[in-house]
Undergrad: 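Got a structure for you, questions after.
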Amino acid sequence: MAGRPEKCFSLIRFTLLCLKMVRSGKRSPEIPTIDQAYSKISNSITVEWTTVPGATSYLLTAEDGNTIIETTVANSPGTVTGLKAATLYQITIRSISASGQSQASSPKQAKTVLAAPVLEVSSPSPDSILVSWDAVYMAVGFSVSVMRANGLGRIWKENTTNTSLTFSSLDAGTLYTIKAYAWNANGIPGDDSTRNQRTSPRAPANIQVFFDSGALKASVSWTPTEGAFNYTVVASSDSSQRSCSTTLSSCSISSLQCGTEYLISVSANNDAGSSRSCSAPTLKTVACAPGRVMIQEEPPGHLSVAWSNVELGDYYVAFVKSDDGLEVHCNTSLTQCNFLSECGFTYFISVFAYNKAGQSPLGDVFNYTTAPCCPNDISPVLVSSDRVEIAWSPVRGAELYETKAIAGYSVVECNDTAPACTLSALDCDTKYNVTVYSFSEVRGSNLSCSSHFITTAPCSPEIKNISKDAFSMINVHWRSTNEGATYTVTAQGKKGLFQCSSTGETCRMGGLPCGSMFSVTAVAETQAGKSLPSYSVPLETVPCCPTGLTAAQVTQSIINVSWTVGAVAQTYVAVLESYIGQSKCHTHQNHCLLGCITCGINYTVALKAISSTGLTADCAYQSYSTSVCCPLGVKLYRLGPNGIRIYWQASRGAANYSTDLYGSKGIFTCAPHAGLSFCDITNIPCGDVYTVMVSPVAETGLKLTFCPKKIYSVTCSGSTLGMVIYRGKRNDTASPR
């Protein structure tokens, strides 16, 4: 049905051509005669005919009952293409000239040859090629041939009625040309089909594997094989696969996993396929770095390193390197190693597993810092009653020092980065348990540091009172709670420093100078040190007794007592005392007149020096004897013209006397013999007025001058014997002479 429109179209075109020729009045060209029609290619038929004169071209028509295919050609032979294979066609030809187109020639039948089989070729093995195809219409058999593409060597040719064929015993890795065609029942061959196919290469041999444990890389080498375009190396394990490709005869596979056993295969590849080595070597990589590393230091000084077991690990080596560069290691088939450690170090710890492949990769590097060292040379720099200063040498690993002093429930702490500490607000005379802990931020405090006992200095004593005993010794009393302390009391003033010591609560101090001010303090001392001085207590010694005390009798009943000024004394009390009675005076001067004194009596002279604060110094002196009483009843008698006897009544007690006459013409003196109460003076001029004084003479020979004086007039007329005229007393009354 599809060919009918084409027939109609040809008929119309032929009719129009005839009409054109009729109108033009020209003749159409001759009808050609087909000599033969044949098919050599499945989609075309070649037609040969006798040439028609005047024809410029020819119209070939092929009709199979369904379709009409026309082709214009210039001359014979001509070919109609676009035909179907193995199909019977009716062939006609028309000649064409300027005058038109001839009628169709007598038909000639011709059948197209079989189509070429569509080949599928492959190389299932290095020495074979498999050729396969689909069935070809009208084909009853097939012919397939194989030869090297370069034309060398033999040709393999096979005929078959099947749709596949395998050629074996071929050379591996060689390019072959495969040609195949089908034939029909008449044995006429159809189109041939040509394909080139290379045999797959042989599997690589002599495979060598070299493992780089550090890079976790395997280098694989082999003997090159013919016809291989490239090679693929595959390392496969249960959990992973790694590969590499190359055109060379070696290849490196990187990023292998540790602790894994790989199967190594090498494939040679070309466009035909690949061939894998049948004897695949195995590769055991290095073991993985041990994990779950546990580091413990127990007891101090012993470092234990433990880890988990790893696959493919034959033995282990643990390395421990301290931060001063010293490194130690241990080799074991177990999963634990023990090392000696020191305080204050940071240790860097790594564990490796080993097998025949080498050392495992570096795993985590652990660092472990041991506790800082404990200070050992702790020494007190200063110990006082409430404060202790201690120092020590810096120790390794310590970033901070924690000092703690404990006494009962009392705890005093101080923290410092310096190797020294001052513990303050302590209790005096108390034994403290002092511990210095070293501290680091990583490890904390080293609680194993030993403690030291430090006792604070004794408490300051409290002076309760100061007294003076009968022997002029100063007694100092204090109160203290110290145990086993020795106390030293110090009195310090301008006139020196005086001390006394005792283990009790009192001590005596002597030899302090009089008239001085002292500051008295007490200090307690133990093996721990000295206390602070007590609060000072002022001490004033009694005034000094005056020196150079003199007693001078001014009158028969008055004595003048004088002395030098004593230190610190503000007032004085002078006392004259005898069995008869006492006479005293209180004065701020350095002398005193004492009255109501009885002559011829032994007195005791005492002087008291009193300070401004009322302290009294009792100064005792030797006894003092008052002078003999002045004689009474002094009278003068004439002894001739130039002599006078002086007579008196002696006072009680034995005494020596001295008589003095004072006149205008001289002084006349006489001393009677002991026991006598008169004295004679000769060669005294008459006619003069004399002052007469009879004085007792002291044992020292000093003549007293306070006895009363009398005035007498000695005349020259009258008898040579008789009384001398008494004119009166001198310094007594103002009687006229």
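Not measured: the values here are computed from a predicted model.
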Undergrad: Evaluate the pair Cys343, Cys373 and indicate whether the two SG atoms are within a distance below 2.5 Å.
TA: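 Bridged: Cys343 to Cys373.
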Undergrad: Test Leu426 against Val388 for side chain to side chain contact (heavy atoms under 4.5 Å, CB included), laying out the working first.
TA: CA-CA 8 Å; Leu426 303 179; Val388 172; 3.6 Å; yes
Undergrad: Between Tyr712 and Ile644, is there a side-chain heavy-atom distance shorter than 4.5 Å?
TA: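 Of all side-chain heavy-atom pairs linking Tyr712 with Ile644, none is under 4.5 Å.
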Undergrad: Among all residues two or more places apart in sequence or in another chain, which pass the ring pair (Phe, Tyr, Trp, His ring centres under 6.0 Å) test with Tyr401?
TA: Trp392
Undergrad: Would the SG atoms of Cys599 and Cys630 measure under 2.5 Å apart?
TA: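 No, because the SG atoms of Cys599 and Cys630 are not under 2.5 Å apart, which misses the disulfide cut-off.
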Undergrad: Report the residues that fulfil side chain to side chain donor-acceptor pair (under 3.5 Å) with Thr555, sequence neighbours left out, ordered by chain and then residue number.
TA: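 In terms of side chain to side chain donor-acceptor pair (under 3.5 Å), with neighbours along the sequence ignored, Thr555 is linked to no residue.
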Undergrad: How would you list, by chain and number, every residue that makes a salt bridge (Lys or Arg N to Asp or Glu O under 4.0 Å) with Glu389, sequence neighbours excluded?
TA: Arg387
Undergrad: List the atom of Ala425, the atom of Val412, and the distance in Å for their closest heavy-atom pair.
TA: O-CG2, 4.5 Å
Undergrad: Between Cys514 and Cys545, is the SG-SG gap less than 2.5 Å?
TA: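 With an SG-SG separation of 2.5 Å or more, Cys514 and Cys545 do not form a disulfide.
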Undergrad: Kindly give the heavy-atom pair with the smallest separation between Thr613 and Glu540, and that separation in Å.
TA: OG1-OE1, 2.7 Å
Undergrad: I'd like to check the salt bridge (Lys or Arg N to Asp or Glu O under 4.0 Å) partners of Glu525; sequence neighbours left out, ordered by chain and number.
TA: none
Undergrad: Please report the C-alpha distance between Ser677 and Tyr657 in whole Å, then the side-chain angles of each, then the deciding distance to 0.1 Å, and finally whether the side chain to side chain contact (heavy atoms under 4.5 Å, CB included) criterion is met.
TA: CA-CA 8 Å; Ser677 58; Tyr657 296 92; over 6 Å; no
Undergrad: Which heavy atom of Thr616 sits nearest to which heavy atom of Val542, and what is that distance?
TA: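 Closest approach of Thr616 to Val542: O-CG1, 3.7 Å.
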Undergrad: Going by the rule ring pair (Phe, Tyr, Trp, His ring centres under 6.0 Å), which residues pair with Tyr437 if we only count those two or more places apart in sequence or in a different chain?
TA: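 Listed in chain order: nothing, the list is empty.
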Undergrad: Residues in ring pair (Phe, Tyr, Trp, His ring centres under 6.0 Å) with Phe678, at least two apart?
TA: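 Residues passing ring pair (Phe, Tyr, Trp, His ring centres under 6.0 Å) with Phe678: none at all.
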